[in-house]
Number of protein chains: 2
Amino acid sequence: MPRPPAPRKTTGRPARISREEIIRTARRIVAEEGVDRLTMRRLATGIGSTPMALYHHVRDKEELLLLLLDDHAARSLRRPEPPPTDPRDRVLTAALAIHDVLAACPWIVEVLTADDLMSTSALWFVEQIVAGLTACGLTLDQAVHGYRAIWYYTAGEILVRTTAARRRTDDDRPVYRDQVFAGLDPAELPHLSRAAPRWAALTSQDTYEQGLRALVNGLLTPH
Amino acid sequence: MPRPPAPRKTTGRPARISREEIIRTARRIVAEEGVDRLTMRRLATGIGSTPMALYHHVRDKEELLLLLLDDHAARSLRRPEPPPTDPRDRVLTAALAIHDVLAACPWIVEVLTADDLMSTSALWFVEQIVAGLTACGLTLDQAVHGYRAIWYYTAGEILVRTTAARRRTDDDRPVYRDQVFAGLDPAELPHLSRAAPRWAALTSQDTYEQGLRALVNGLLTPH
DNA sequence: ACCTGAACACCGTTCAAGT
DNA sequence: ACCTGAACACCGTTCAAGT
């Protein structure tokens, strides 16, 4: 994330804990115990310190989550080798890379709702998307809007997918969608009634790439 | 929402508070004081009762938020008069209606991340989208996937827009995106560097409909 | 400069008891 | 059946003080 590292003065009392240690421990807690267990108190005991010591190294919990995401992006995002030559493929490949890395973050929803998500590690991929779109004939402004549309679609897919997955592991809660779909009136909602039996199976399929292709095609085809 | 109303027996002590009163009061609190102030305790004092009395009428806070959204959808969603005859316009009009109603909910993010969002009031609009897509030549399964893509795009746009707006009212927090964009290397990220000065202006524009048209066009054009 | 202890101002929810 | 009081098991963060 774009935040400058906390200024490290050479004078004064030597630090006992570091930003790196905080992030490393936070990563471990999330991996072993889940996002819900990542509290400032739990994190403090994890590094053998007190909650308030953390506030010397991160501004607040939101910054902590952002740092965690940036750490994840920096270690997971791999530039494609070799990069695709076709500009449309450059767009698709970059979007898919961002999507896959973010979808693998269990704590992504907390961050998605917490900041504008401009990880420096992801900038190269944003560049690929904007560059690819302009190479296909869009103006720079149109390409930025196109990138935004791709980002909306990507963020939405991750949000819906992740919360659905969480609800599934959330033990017993019944799926209310099924109740609604069971009581549909075929006269008023004929298509939904026909699709109802297959709805659960259809929505559990991973159609991110398919929808992305449609969106990119639509962005690149003048109408 | 699909939850059946709490069974109202005719025997036993008469209820002092009702689901309707709970929702009405919750709506007022959100409108007057913001989503953050909507707590079970605040709500209880708002209707002159205790927190635990609420749990006789709603299962938990998640259900409360869902009921609140359904109430909002039921009173805000208006079917277009007359409905467009062109199937593509039916899709666009229905998606825009859903988008506009949800975007007007300040608490939408809390619900977006809380359930699969199958408000019964919205089903007619989902039907329009699926019906319109099939009328344009898609199979029913393709149309359901198309609806999902539209929903991802819509949810993502609302999520990003709403959290950005919240952050803006969140007083002083600097926009870190600006810091990143100020320090871009034009050699490595030429397009982003060129777009940087206009980025804030471009992303503040409302391009939901524009992106929606591109997505729907892409979904309807075989490639 | 860095860390600690104690406290503030809250949460959602459970439990046992009352009417 | 419906409601209450008290408590449980937490949160993030501030403040004043210590080294």
Side-chain angles (χ1 to χ4, degrees), chain A residues 4-22 25-26 29-30 33-68 107 110-111 113-115 166 170-173, chain B residues 4-22 25-26 29-30 33-68 107 110-111 113-115 166 170-173:
Chain A
R8 200 35 47 86
K9 296 283 169 47
T10 50
T11 65
R13 186 166 162 176
R16 268 215 281 275
I17 58 180
S18 65
R19 237 167 201 245
E20 289 76 47
E21 191 183 1
I22 290 174
T25 310
I29 292 173
V30 169
E33 308 175 29
V35 218
D36 294 347
R37 299 295 306 146
L38 182 65
T39 67
M40 299 303 267
R41 289 156 200 261
R42 174 72 191 83
L43 182 54
T45 67
I47 63 177
S49 186
T50 63
M52 284 321 299
L54 302 175
Y55 286 87
H56 261 270
H57 299 88
V58 298
R59 193 223 300 231
D60 51 22
K61 196 178 178 183
E62 178 177 326
E63 187 180 41
L64 175 70
L65 288 170
L66 244 20
L67 289 169
L68 205 54
W107 70 94
E110 278 75 7
V111 188
T113 63
D115 208 320
R166 278 192 197 176
D170 237 33
D171 53 336
D172 54 343
R173 301 188 69 94
Chain B
R8 199 40 42 88
K9 297 282 168 49
T10 50
T11 66
R13 185 166 161 176
R16 266 215 281 275
I17 57 180
S18 66
R19 238 170 201 241
E20 289 75 49
E21 191 184 0
I22 291 175
T25 310
I29 292 173
V30 169
E33 308 175 29
V35 217
D36 294 347
R37 297 296 305 148
L38 181 65
T39 68
M40 299 304 267
R41 289 156 201 264
R42 174 73 190 82
L43 182 55
T45 66
I47 63 176
S49 184
T50 64
M52 283 320 299
L54 302 175
Y55 285 88
H56 260 271
H57 301 87
V58 298
R59 194 222 301 231
D60 51 22
K61 194 177 179 183
E62 177 177 326
E63 187 182 39
L64 175 70
L65 289 169
L66 244 21
L67 289 169
L68 206 54
W107 70 94
E110 278 76 6
V111 189
T113 63
D115 209 320
R166 277 192 199 178
D170 239 32
D171 53 338
D172 54 341
R173 302 188 69 92

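- Between D/dC3 and B/Ser49, no contact under 4.0 Å exists linking OP1 or OP2 to a side-chain N or O.
- Using a cutoff of 4.0 Å between basic side-chain nitrogens and carboxylate oxygens, A/Glu63 and A/Arg19 are scored as salt-bridged.
- In this structure, the CD1 atom of B/Ile17 is 17 Å from the P atom of D/dA1, given to the nearest Å.
- Between D/dA9 and C/dA9, the distance separating the two P atoms is 24 Å to the nearest Å.
- If you measure from atom CG of A/Leu54 to atom P of C/dG5, you get 14 Å, rounded to the nearest angstrom.
- Here the P atom of nucleotide D/dA16 and the OH atom of A/Tyr55 are 17 Å apart, to the nearest Å.
- As rounded to whole Å, 19 Å separates atom P of D/dC10 from atom NZ of B/Lys61.
- Across all strands shown, D/dT13 is found opposite C/dA7 as a Watson-Crick or G-U wobble partner, with both distances under 3.5 Å.
- In this structure, A/Val111 and A/Leu68 have side chains that are not in contact, with every pair of non-hydrogen atoms separated by 4.5 Å or more.
- Summary of the strand contacts: B/Thr39 and A/Thr50 both lie near DNA chain C, and taking for each the nucleotide with the nearest heavy atom, the more 5' one is attributed to A/Thr50.
- Contact of the A/Leu43 side chain with the A/Lys61 side chain is not registered, since no non-hydrogen atoms from C-beta on lie closer than 4.5 Å.
- As rounded to whole Å, 13 Å separates atom C1' of D/dC8 from atom CE of B/Met52.
- Taking atom CZ of B/Arg41 as the reference point, atom C1' of C/dC11 lies 6 Å away to the nearest angstrom.
- B/Arg37 comes within 4.0 angstrom of sugar-phosphate atoms only, judged by non-hydrogen atoms across all strands, and of no base.
- Between the CE atom of B/Met40 and the P atom of D/dC11 there is a distance of 20 Å, given to the nearest Å.
- Phosphate contact (OP1/OP2 of D/dG12, side-chain N/O of A/Arg59, threshold under 4.0 Å): absent.
- For the pair B/His57 and D/dC3, the criterion of a side-chain N or O lying under 4.0 Å from OP1 or OP2 is met.
- In this structure, the CD atom of A/Glu110 is 12 Å from the P atom of D/dG12, given to the nearest Å.
- The residue from B/Leu54, B/Thr25, B/Ile22, B/Ile17 that alone fulfils the side-chain contact (heavy atoms from CB on, under 4.5 Å) condition with B/Ser49 is B/Ile17.
- The nucleotide C/dA1 finds its pairing partner in D/dT19, both defining distances of the Watson-Crick or G-U wobble pair being shorter than 3.5 Å.
- Rounding to the nearest 0.5 Å places CG of B/Leu64 at 11.5 Å from CD of B/Glu110.
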